[in-house]
Enquirer: 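I am attaching a structure below and will ask some questions about it afterwards.
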Amino acid sequence: MPPLTHLAIIMDGNGRWAKARGLSRSDGHKAGTTAARAIVQECRKLGIPYLTLYAFSKENWSRPKQEVGFLFTLLKDFLETELPTLLQQEIRLHVLGDLNGVPLATRTMVQHTMNKTALGTAMTLNLALNYSGRHEIVRACQRLLAQKVAPTDVNEELFAQHLYTAGMPDPDLIIRTSGEQRLSNYLLFQSAYSELYFTDVAWPDFHASELHLALQDFAHRQRRFGATGEESA
Ligand code: FPP
C-alpha cells in the first residue's frame, strides 16, 4: 500500500439519507455526526497521522438559516462530547478556514478544544470549517503581498506555508460519499496529486467497513506524481 499520511473526506449525503427514511435533514446531520465520530476513532486506530473532514464550506451559508444554525450547534456539541476522547487519544484539533466568521458559541468551543488538544501528537484532526479552497489560495496571495515577498522568492513550498495546512503533508487520498464526483472547492492547492475515491454510500452509512473498502482500493493505486512509474536508467 502506498503511504497514507493524510486522508481527507467530503462527508456528503446526510440530507438524502434522511429523506430516504422520511426523517428531517437535522436527523441526517445527527446521524452524520455519529459517523464522523466513528471514522475519527477508526483513523486513530489505524495510525493515520492526518485526517481532514469537510464540516462546513463558505458556500454552505446559502442553506436555510435554521439548517446552518443547527449544523453549528451540532458541531459545538460534538466537540464538547469528544474533548475527553481527543485528549485521551492524543488527537490534536486544527481548523482549516475562517474561524472569525463562525458563530460565537461554536467558535469559542473550537478555540477551547484547539487549546486543550494542542499537544496531541498521535493524530491531527483538521476540520474544514467556513472553508473555501479558492479563498484559501487568494488569502495566501494576500499574505505574501502583505509581507512584501519578492515575486522571484515565491515558490510552491513558500506558498504552501501560507495555506491553512502549513507544515502538513498533502492529502494522499480524498474520499467523497453519496455519489457526487467533484471536489467542491476542497483543498484545491493540496489535492494536485491526491488519489480520489467516490462511493455511492451516504455519509451516515459510511461505517468503518466502508473506510476499509476505500483503503483497500487505495492500496492498489500506483502513485506516480507525474513520472512514468518506470525506474530511470
Ligand atoms: C453533507 O450532507 C454534509 C454537510 C454539509 C455537513 C457535514 C456535517 C456533518 C457530518 C455533521 C457535523 C460535522 C462534524 C464534523 C461532527 P448534505 O446536507 O449536503 O446532504 P445532501 O447532499 O444529501 O443534501
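None of the values given here were measured: they were computed from a predicted structure. Counting convention: from 1, in listed order, for ligands and their atoms alike.
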Enquirer: If the threshold is 4.0 Å, N to carboxylate O, is there a salt bridge linking K45 and E42?
Expert: yes
Enquirer: Give a yes-or-no answer on whether the side chains of W17 and D27 include a donor-acceptor pair shorter than 3.5 Å.
Expert: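 Side chains of W17 and D27: no pair found under 3.5 Å.
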Enquirer: Would you kindly say whether D170 and S194 are connected by a side-chain donor-acceptor distance under 3.5 Å?
Expert: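 On atom types as modelled, these side chains do not qualify, holding no pair under 3.5 Å.
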Enquirer: Using 30° and 60° as the class boundaries, would you call the ring planes of Y186 and Y131 parallel, tilted or perpendicular?
Expert: perpendicular
Enquirer: Take atom CD of Q147 as the centre, draw a 6.0 Å sphere, and report whether it contains more than 12 heavy atoms from other residues, nucleotides or ligands.
Expert: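 Yes.
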Enquirer: In terms of ring plane angle, is the pair Y50 and H6 parallel, tilted or perpendicular, where the classes change at 30° and 60°?
Expert: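 Tilted: the ring planes of Y50 and H6 meet at 30° to 60°.
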Enquirer: Enumerate the pairs of nitrogen or oxygen atoms, one from ligand 1 and one from the protein, separated by less than 3.5 angstrom; state names and distance to 0.1 Å.
Expert:
residue	atom	partner	partner atom	Å
ligand 1	2 (O)	G13	N	3.4
ligand 1	2 (O)	N14	N	3.2
ligand 1	18 (O)	R25	NH2	2.8
ligand 1	18 (O)	R63	NH1	2.8
ligand 1	19 (O)	D12	OD1	3.3
ligand 1	19 (O)	R63	NH2	2.8
ligand 1	20 (O)	G13	N	3.4
ligand 1	20 (O)	N14	N	3.1
ligand 1	20 (O)	G15	N	3.0
ligand 1	22 (O)	D12	OD1	3.1
ligand 1	22 (O)	R16	NE	3.4
ligand 1	22 (O)	R16	NH2	2.9
ligand 1	23 (O)	G15	N	3.4
ligand 1	23 (O)	R16	N	2.7
ligand 1	23 (O)	R16	NE	2.7
ligand 1	24 (O)	R25	NH1	3.1
ligand 1	24 (O)	R25	NH2	3.2

